[in-house]
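Structure, as structure tokens:
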Amino acid sequence: MFGHPSEGPLPSPSNSSTNAARTHQHRLNAAQEQRTYRDSCQRLISHIGSVSALCQDLKHANQEKFPIFYPSINSKPSISRSQTLNVLENQHLNMMNSMRRSSTTTETLVVKQQQQQQLEQQSKELNILNLDLKVGHSSTDISTLESKSIAKLLSEKLEQSIKHLTRLHARVADTSSKVLVTGDLNSGKSTFVNALLKREILPADQQPCTSVFCEVLDAMLNDGLEQVHAIPIVESYNRLDPNTYHIIEMRHLYKVITEDYEHYKMLKIYANDARTTQESLLHNGVVDIALIDSPGLNTDSVKTTAVFARQEEIDVVVFVVSAENHFTLSGKEFLWNAANEKTHIFIVVNRFDSIRDKDRCKRLILEQIRQLSAATYADADDLVHFVSAGNVDLEPGSRKLDAPDFARLEQRLRAFVLENRTKSKLLPAKNYLANLLMDINILSETNSKKSSDAYAQATMELEKDLPAYEHLLRVRDKVLKQVEKAAEVTVSSIQTKTQQKLNEAVEHIGDAMNSIEYPGIFLIWQYAQDIADSMVQKLLTDVRQEEMNGRQETAICLEQMHRMGTEHLGGYPLTANVEKMCSKNRDRRVTIQVEATDFFDLVLDDKLSGVALSGGAAAMVGGRMLGFKDAVSSMWSVSNIMSGPNVRKWVIPVIGVASVGFLVYVVSDMRNAVERKLVKKFKNEVRETKYIEAQSVRIARESRKVLRIEGWEIQTRIEKAIEQKEQKRHDTEAVALSSKETAEYFANMYQKSNALLEKVEMVQTDPQHLLKEA
């Protein structure tokens with residue numbers, strides 16, 4: 001065998017040169033791989049910072065200014081998006097590894113088709129930022145939530161991604177590698193770790209016994225001392241500070257793990273491995289390795305959640321599944337969650353020797369793996385191993401060879417963890433960044449398109465609404481002028497007509513006494529009082545008639561104004577009530593007082609003369625043929641003519657007769673005198689008090705009040721319509737501005753994330769491909 005020249009023939013010079021060339025090439029390849037690893041590592045660290053800043057910006061925008069719209073897509077926990085980056089990688093690789101699987105060529109073609117379908121769906125599904133709300137194992141429809149709730153959930157998702165990026169940064173920058181051994185309850189995880197270490201370090205039993213995370217490290221990291229550090233607070237742990245942990249003896253490890261685990265969050269087990277660096281996984285001479293044994297996934301919800309969270313800090317996941325139970329629901333959910341970044345999962349199907357129909361078991365488990373992780377299924381020859389870890393000899397110093405299946409598992413795991421670190425350590429980080437950036441691309445593109453559509457819609461609404469708004473402004477000025485003009489014309493007409501009608505009524509006020517019967521000289525005072533009351537009542541009746549006429553004319557104008565309003569504002573109830581016009585019972589009477597002088601009407605005229613006293617007397621007796629002044633004038637003229645002494649003797653009798661005649665005249669003319677005097681007095685009172693002007697103005701004012709109510713209603717409704725229109729336009733303008741800013745922001749975010757995605761995808765994480773290129 002190689003390494004023992006005494007047991008075989010000496011190598012020929014040609015073989016020696018060939019081996020030297022191979023060794024030299026191997027060293028060159030190793031050096032190239034290390035350079036590639038360092039370069040890719042630095043690039044990823046830089047990109048992690050850029051993606052984290054992008055997420056911070058997106059989270060701030062979502063919370064403060066641009067709430068993110070969540071697209072209605074059929075996102076679900078699956079492996080489709082998580083495998084896309086690996087599919088891109090495999091486009092540059094040959095299918096030699098896939099051909100080495102224990103599957104047929106047909107199955108390989110099916111995998112290719114499935115990967116192609118995944119590529120086609122990558123722009124339609126969210127993965128890391130998927131809001132898959134679950135109640136138990138049932139998903140809740142995200143579209144039923146309010147936008148604020150969705151934005152809050154997205155902010156929480158982004159915050160989780162930012163924290164994960166921080167851990168990812170530390171993980172990529174860390175030169176060591178962490179291997180998480182996890183799986184369902186009682187699947188043989190601790191037994192498998194012991195088999196890898198070739199030592200019975202972790203307690204193993206038929207019953208579940210691991211209840212706390214156990215991290216196994218090389219004792220060289222603890223100055224060569226084998227110790228167990230029981231850590232109460234993981235964040236404060238410092239190997240050089242004994243106050244941050246308790247030292248547990250190895251022989252008490254079983255008790256601590258099974259009984260006293262509640263006091264500790266983690267156990268760090270520093271163990272020696274006497275094997276060579278070519279054989280040992282812990283003491284490999286290349287990189288520091290930590291093997292982490294976790295509690296079973298379905299132990300309880302708290303521990304399951306802890307395992308889910310812990311995988312984010314892990315470089316390599318080794319999933320141990322029982323060949324008897326296959327993948328449980330908890331195991332599937334863990335693999336779905338881990339697939340956010342880890343395209344390749346190292347799967348150990350344990351206790352395979354207890355299965356009778358091994359071919360059927362392999363077929364069923366591989367089918368489950370195909371559904372859970374297409375990339376793992378494609379590399380099943382390297383990543384999926386059917387073994388029985390309990391059969392490995394753990395006796396110290398034993399040289400018993402392991403079963404071929406387990407030896408092959410160790411070789412593949414060592415190659416995956418140590419030799420292909422760019423694939424095992426960097427590819428998960430690259431895959432997570434790519435998936436996260438593709439999610440941001442989807443959100444950015446969706447929101448940019450939605451905001452652009454909203455901006456176009458708002459702009460179109462503003463343009464479409466502008467003519468109606470301008471028309472409403474023109475209508476306001478036009479209708480208000482028409483309403484005001486109609487009201488003024490009506491009020492002026494009512495005032496003019498009222499004044500005209502009342503003037504005519506006063507002019508013919510004497511007609512009011514036609515219905516009054518003269519009661520005689522002895523009741524002349526009552527007759528005069530009745531005449532005064534009759535004229536007052538007559539004028540008051542005329543005033544009320546004009547009030548009615550004013551109502552009718554106001555009602556016509558009111559209806560006209562209402563039609564003007566409804567023509568432009570639509571139907572609305574008539575608010576003004578014309579019946580309330582002149583409804584207050586106020587004293588609108590013209591009052592005159594009957595006086596004694598109203599019964600006498602004596603008018604003297606020097607221009608008139610009578611012929612003689614007899615003529616005057618005859619006139620008085622004959623029914624007032626001549627007036628009193630004519631009689632007196634006549635007598636005076638006669639006395640002037642007849643100035644003789646004889647004539648003077650009969651003057652006195654004549655004067656007496658004349659006086660008697662005058663008295664008879666006054667008494668007989670008292671009815672006519674009182675009628676004339678009261679009519680004249682009433683007219684004077686109307687004129688002096690300006691009663692007609694006051695009533696016409698009052699009726700016109702009442703009409704204006706009623707019309708003003710309708711005018712105010714029209715003005716108020718027009719102003720309200722304009723205000724509503726302006727508010728609507730203001731809101732639409734705000735939507736347009738906000739939509740424009742949002743569209744620009746998300747378009748810029750899309751460009752940034754897309755450019756960053758191209759840079760991430762250019763990071764080389766396949767060493768075999770690089771070696772072929774070299």
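For clarity, every value in this text was computed on a predicted model and none was experimentally measured. This chain uses plain numbering: 1 for the first residue, then up along the sequence.
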Would you mind reporting whether [Y] and [X] have side-chain heavy atoms less than 4.5 Å apart?
X    : Y    : result
F599 : I521 : no
M513 : V679 : yes
R698 : R701 : yes
L569 : V475 : no

Quick one: list whatever passes side chain to side chain contact (heavy atoms under 4.5 Å, CB included) with T541, sequence neighbours left out.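 Scan of T541 (side chain to side chain contact (heavy atoms under 4.5 Å, CB included), adjacent residues dropped) gives Q537.
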
Partners of K450 by side chain to side chain contact (heavy atoms under 4.5 Å, CB included), sequence neighbours excluded? F69

Closest contact, heavy atoms only, [X] versus [Y]:
X    : Y    : answer
I442 : P71  : CG2-CG, 4.5 Å
A532 : L678 : N-CD1, 4.4 Å
D439 : I128 : OD2-N, 2.6 Å

Are a donor atom and an acceptor atom from the side chains of [X] and [Y] found within less than 3.5 Å of each other?
X    : Y    : answer
Q499 : Q495 : no
Y527 : E675 : yes
N748 : E744 : no
Q526 : D530 : yes
T490 : E553 : no
Y70  : N447 : no
D731 : Q727 : yes

Lys/Arg N to Asp/Glu carboxylate O, [X] vs [Y], below 4.0 Å:
X    : Y    : value
R551 : E702 : no
K449 : D453 : yes
D465 : R729 : yes

Working for side chain to side chain donor-acceptor pair (under 3.5 Å), residues S703 and T554: CA-CA 6 Å; S703 174; T554 301; 2.7 Å; yes

Distance-only check: which donor-acceptor pairs under 3.5 Å involve side-chain atoms of residues 555-568, not counting sequence neighbours?
residue, atom, partner, partner atom, Å
H562, ND1, E710, OE2, 3.2
H562, NE2, Y572, O, 3.1
T566, OG1, H562, O, 3.1
T566, OG1, R563, O, 3.2

Just do the salt bridge (Lys or Arg N to Asp or Glu O under 4.0 Å) check on E595 and K677 with the steps written out, would you? CA-CA 10 Å; E595 299 174 349; K677 291 291 291 288; over 6 Å; no

Is it the case that the side chain of T496 and the backbone of S493 share a donor-acceptor pair, with hydrogens and angles ignored and the cut-off at 3.5 Å?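 Pair absent, no side-chain N/O of T496 close to backbone of S493.
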
